[in-house]
Amino acid sequence: MKIGKLQLHNSLTRQKETFTPLEEGYIGMYVCGPTVYSDVHLGNCRTFVSFDIIYRYLKYLGYKVRYVRNITDVGHLLDDGEDRISKGARAEKLEPMEVVQKYTLGFHDMMRIFNTEPPSIEPRASGHILEQIQMVEDILKNGWGYESNGSVYFDTVKFSKEKDVYGKLSGRIVEELLVETRELKKQDDKRHPADFAIWMKADEEHLMRWNSPWGEGFPGWHLECSAMSTKYLGKTFDIHGGGNDLKFPHHENEVAQNYGACGCQPAKYWLHTNMLLMNGKKMSKSDGNTITPEGLFTGDSPHVTKGYSPMVVKFFMLQAHYRSTMDLTDDALQAAEKGYRRLMEAQKTLEGFSADGTAGQVDKEINELLDQAFEQMSDDFNCPMALARLFELVNKINGLRDGHLPMAELSAATLDRLKKDFHAFTHDIFGLKDDVADGEDGEKMDGLMQLIIQLRNNAREAKDWPTSDKIRDTLKELEIQLKDAKGVTTWTKA
RNA sequence: GGUCGGAUGGCCGAGUGGCUAGGCAGUGGUCUGCAAAACCAUCUACACCAGUUCGAAUCUGGUUCCGACCUCCA
């Protein structure tokens, strides 16, 4: 495969850089996964869809990628100091691990619905308590932490003063962090507000607790990612990803912990996805500006006029760059739905082509568009640009089908490439699938439709308009639309 | 208040110092038994004010507005 250099925007340097893996041909990528204390948020879905495409594209380029995405099932503190999982357990009268199981399964279902690939390893924080305790010990041994009343804190103050590392990723000014006077509950044992817990002493009523050299307790939230990335990807690995909102404090503290334990930066490249907004505002449960994935799919929400299929939602997400905020509106979804259908239709049309012409202008343009699509994808995973080239190809495909463009100028080799690359983009890289015709039911449905189309075309040939129109109108009532192109009739869900 | 990012045509959303992003919607046409679809053509832009430049939506400064983070957050 002939692909130009891969460029990516590194949050650590705030610049686009040429990607060079630590080990030729291999990539280690860690992405912060969900905290499984409630149903997946649509914003989570965007992040994981984005990284899924990055993962898929890296693999497409020929890299062997180890993609690690954790499940946070312990140690995530709320304002009042209570663990998120424990809180969920109390609220639902369940064992903490029941809560974890329930929402982990729900999360996996949603990832499947969005047709994302599972990561290579999906470690759980609760399964890596030993590694986390070890990391706390390493940090203590290196002098970057202190024990206080059964809890262990990272000494941010000392670390900031002695190493020029803290604040680099998130762009914080350390001096300002150090004068921060905000008081947090249950953290009275800290020497300084900027310090953060790497091991927390468990209260009497705390449900999730483990033995440690410092007594019964549980790991700090930031620690799990440090411990698990180190375990599965090594002290330094290629790519670390996550949502923009995790930059501070989570990622900043992660860097501090890794540095504190191992003396080096954990990741060479940091990738951050931007937020999904709705009607121009951040989605938030408290002010009602939110929609669940299910609500989007079924249309059962005041924010949408109808339901949109998961693939339409995914296609919608692909239209914006991963580093841009994206505004979800009903109008935008309607537009996405039509665009998505158009893309899938063209895919089907293309599959029916055969050619053995002599390469002419069309041939050249098709090759150029394909080259550009890959170049743009290699430029910091610019999906919207690559998608734009794909739509220009849709235009060519439809033109060839309708005879506006000469099929005789298309060589067999180029057609073969077009079929392969187009499919690679839509299915292998973007992870889209035709939600109308793919799958077992889809095939049955398509078989039935082909029969109906044939019967209608028989009627049309006999100029039996009442019959052919009745078929067309009845199907339309069933939300199935027939499209009569030259010689071929196709169908699609309206 | 601090830090960072943004402001693009009716909507969503790319991008670049001079050349059509793309999708959806609109308009005119072609095709069609009719229609839809498709195709061809086409109209709406770069928040505001200065400056740099032969030339800026793209660079610089200021203004206004918006968002994110600073506290759990993808």
Side-chain angles (χ1 to χ4, degrees), chain A residues 11 14 31-35 37 40-51 72 76-80 82 84 87 167 170-173 176-177 179-180 182 184 221 241-250 252 272-277 280-285 315-316 318-321 323-343 345-346 349 372 376 379 382-392 394-405 460 463-465 468-469 472-473 476 481-486 489-492 494:
Chain A
S11 305
R14 277 148 238 268
V31 173
C32 291
T35 304
Y37 68 103
V40 228
H41 179 86
L42 192 62
N44 282 285
C45 296
R46 183 192 180 197
T47 295
F48 298 132
V49 162
S50 295
F51 282 109
T72 296
H76 206 156
L77 289 182
L78 295 168
D79 281 348
D80 60 3
E82 191 176 10
R84 271 180 191 248
K87 181 160 180 166
S170 60
R172 301 289 129 160
I173 297 164
E176 282 181 10
L177 289 170
V179 296
E180 179 69 54
R182 171 182 254 273
L184 293 170
W221 171 43
N244 206 219
D245 49 354
L246 291 182
K247 251 191 206 172
F248 190 88
H250 185 240
E252 194 66 62
H272 286 99
T273 57
N274 218 135
M275 301 293 102
L276 180 65
L277 311 177
K281 289 253 159 77
K282 184 184 178 178
M283 288 204 215
S284 143
K285 277 183 197 167
F315 174 85
F316 164 75
L318 294 177
Q319 288 179 298
H321 188 90
R323 282 194 290 112
S324 301
T325 53
M326 159 144 239
D327 195 11
L328 183 107
T329 62
D330 192 61
D331 283 351
L333 284 167
Q334 289 199 21
E337 182 166 59
K338 294 201 174 156
Y340 163 72
R341 291 268 159 77
R342 187 168 140 90
L343 190 68
E345 287 301 305
T349 304
Q372 285 170 14
Q376 289 160 347
D379 183 10
N382 200 325
C383 290
M385 286 280 270
L387 207 53
R389 301 293 81 73
L390 248 43
F391 272 103
E392 289 179 49
V394 166
N395 195 268
K396 301 278 181 234
I397 291 165
N398 289 332
L400 286 163
R401 182 200 59 194
D402 290 353
H404 294 110
L405 293 171
R460 289 171 74 204
K463 299 204 192 297
D464 179 3
W465 308 131
S468 79
D469 287 357
R472 186 174 72 196
D473 295 344
K476 196 173 181 185
Q481 187 186 58
L482 294 180
K483 298 181 180 181
D484 297 321
K486 275 211 173 94
T489 301
T490 55
W491 66 280
T492 180

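Proteins come first, then strands; the chains are lettered A, B, ... in the order of their sequence lines, and each starts at number 1.
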**Per-nucleotide protein contact string for nucleotides 17-32 of chain B, where B marks a base within reach and S marks sugar-phosphate only (heavy atoms under 4.0 Å, - for neither)** = ----BSBSS-------

Considering only the [atom1] atoms, how many Å lie between [N] and [M], rounded to the nearest integer?
{"N": "U58(B)", "M": "C19(B)", "atom1": "P", "result": "13 Å"}
{"N": "C39(B)", "M": "C48(B)", "atom1": "C1'", "result": "42 Å"}
{"N": "A37(B)", "M": "G9(B)", "atom1": "P", "result": "26 Å"}
{"N": "U44(B)", "M": "U20(B)", "atom1": "P", "result": "14 Å"}
{"N": "A74(B)", "M": "A35(B)", "atom1": "C1'", "result": "46 Å"}
{"N": "G17(B)", "M": "C59(B)", "atom1": "C1'", "result": "8 Å"}
{"N": "U16(B)", "M": "G10(B)", "atom1": "C1'", "result": "25 Å"}
{"N": "C43(B)", "M": "C49(B)", "atom1": "C1'", "result": "29 Å"}

**Message:** Taking the nucleotide of RNA chain B with the nearest heavy atom to each, does Lys396(A) or Leu42(A) sit closer to the 5' end?
**Reply:**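 Counting from the 5' end, the first nearest nucleotide belongs to Lys396(A).
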
**Message:** Taking the nucleotide of RNA chain B with the nearest heavy atom to each, does Met326(A) or Asp379(A) sit closer to the 5' end?
**Reply:**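 The residue mapped nearer the 5' terminus is Met326(A).
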
At 4.0 Å (heavy atoms only), tell me whether [X] reaches a base, stays on the sugar-phosphate, or touches nothing.
{"X": "Leu405(A)", "value": "nothing"}
{"X": "Gly43(A)", "value": "base"}
{"X": "Ser324(A)", "value": "sugar-phosphate"}
{"X": "His321(A)", "value": "sugar-phosphate"}
{"X": "Arg323(A)", "value": "nothing"}

Output all residues satisfying side chain to side chain donor-acceptor pair (under 3.5 Å) with [X], sequence neighbours left out; order by chain, then residue number.
{"X": "Lys396(A)", "value": "Glu365(A)"}
{"X": "Thr489(A)", "value": "Asp484(A)"}
{"X": "Glu345(A)", "value": "none"}
{"X": "Arg401(A)", "value": "none"}

**Item:** Note, Val394(A) side chain near Leu390(A) side chain (heavy atom, < 4.5 Å)
**Value:**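 Contact flag for Val394(A)/Leu390(A) side chains = no.
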
**Prompt:** Can you check whether Met275(A) reaches Asn244(A) side chain to side chain, under 4.5 Å on heavy atoms?
**Reply:** yes

**Complete:** With sequence neighbours left out, the residues meeting salt bridge (charged side-chain N to carboxylate O under 4.0 Å, His left out) with Asp469(A) are Arg472(A)

**Prompt:** Would you say Lys483(A) has more than 12 foreign heavy atoms packed within less than 6.0 Å of its NZ?
**Reply:** yes

For the pair made of [atom1] in [X] and [atom2] in [N], what is the distance, rounded to whole Å?
{"X": "Glu345(A)", "N": "A38(B)", "atom1": "CD", "atom2": "P", "result": "9 Å"}
{"X": "Leu318(A)", "N": "A14(B)", "atom1": "CG", "atom2": "C1'", "result": "14 Å"}
{"X": "Phe316(A)", "N": "G13(B)", "atom1": "CZ", "atom2": "C1'", "result": "9 Å"}
{"X": "Asp245(A)", "N": "G5(B)", "atom1": "CG", "atom2": "C1'", "result": "14 Å"}
{"X": "Leu333(A)", "N": "C12(B)", "atom1": "CG", "atom2": "P", "result": "12 Å"}
{"X": "Arg172(A)", "N": "C69(B)", "atom1": "CZ", "atom2": "P", "result": "10 Å"}
{"X": "Lys476(A)", "N": "A37(B)", "atom1": "NZ", "atom2": "C1'", "result": "11 Å"}
{"X": "Leu343(A)", "N": "A37(B)", "atom1": "CG", "atom2": "P", "result": "18 Å"}

**Asked** With sequence neighbours left out, what residues match Phe48(A) under ring pair (Phe, Tyr, Trp, His ring centres under 6.0 Å)?
**Response**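 Phe48(A): ring pair (Phe, Tyr, Trp, His ring centres under 6.0 Å) contacts with Phe107(A).
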
**Prompt:** Which dot-bracket notation, 5' to 3', represents the base pairing of RNA chain B when pairs are defined as Watson-Crick or G-U with both distances under 3.5 Å, crossing pairs as [ ], and inter-strand pairs as |?
**Reply:** (((((((..(((.....[...))).(((((.......)))))....(((((..]....))))))))))))....

Only pairs under 3.5 Å count here: list side-chain donor-acceptor contacts from residues 323-333 of chain A, not counting sequence neighbours, and write none if there are none.
from: Arg323(A); atom 1: NE; to: Asp380(A); atom 2: OD2; distance (Å): 2.9
from: Arg323(A); atom 1: NH2; to: Asp380(A); atom 2: OD2; distance (Å): 2.9
from: Asp327(A); atom 1: OD1; to: Asn279(A); atom 2: N; distance (Å): 2.9
from: Asp327(A); atom 1: OD1; to: Gly280(A); atom 2: N; distance (Å): 2.6
from: Asp327(A); atom 1: OD2; to: Gly280(A); atom 2: N; distance (Å): 3.2
from: Thr329(A); atom 1: OG1; to: Ala332(A); atom 2: N; distance (Å): 3.1
from: Asp330(A); atom 1: OD1; to: Thr305(A); atom 2: N; distance (Å): 3.0
from: Asp330(A); atom 1: OD1; to: Thr305(A); atom 2: OG1; distance (Å): 3.4
from: Asp330(A); atom 1: OD1; to: Tyr308(A); atom 2: OH; distance (Å): 2.8
from: Asp330(A); atom 1: OD2; to: Thr305(A); atom 2: OG1; distance (Å): 2.7
from: Asp330(A); atom 1: OD2; to: Gln334(A); atom 2: NE2; distance (Å): 3.2

**Request:** Quick one: sort the Tyr340(A) and Phe315(A) rings into parallel, tilted or perpendicular, breaks at 30° and 60°.
**Result:**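 Plane angle between 30° and 60°, so tilted.
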
Does [N] have its OP1 or OP2 closer than 4.0 Å to a side-chain nitrogen or oxygen of [X]?
{"X": "Ser170(A)", "N": "C69(B)", "result": "no"}
{"X": "Lys281(A)", "N": "G67(B)", "result": "yes"}
{"X": "Asn382(A)", "N": "G15(B)", "result": "yes"}
{"X": "Asn244(A)", "N": "A74(B)", "result": "no"}

I'd like to know if [X] reaches the base of [N] with its side chain, counting only an N/O donor and acceptor under 3.5 Å.
{"X": "Asn274(A)", "N": "G5(B)", "answer": "no"}
{"X": "Asp484(A)", "N": "A35(B)", "answer": "yes"}
{"X": "Arg472(A)", "N": "A35(B)", "answer": "yes"}

**Request:** Work out which heavy atom in Phe51(A) is nearest to a heavy atom in Gly241(A); give both atom names and the distance.
**Result:**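 Reported closest heavy-atom pair: CZ-CA, 3.4 Å.
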
**Asked** Counting side-chain heavy atoms from C-beta on, which of C12(B), A74(B), C39(B) comes nearest to Asn398(A)?
**Response**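 Of the candidates, C39(B) comes closest.
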
**Request:** Looking only at side-chain atoms of Leu277(A), point me to the closest of G33(B), G67(B), G13(B).
**Result:** G67(B)

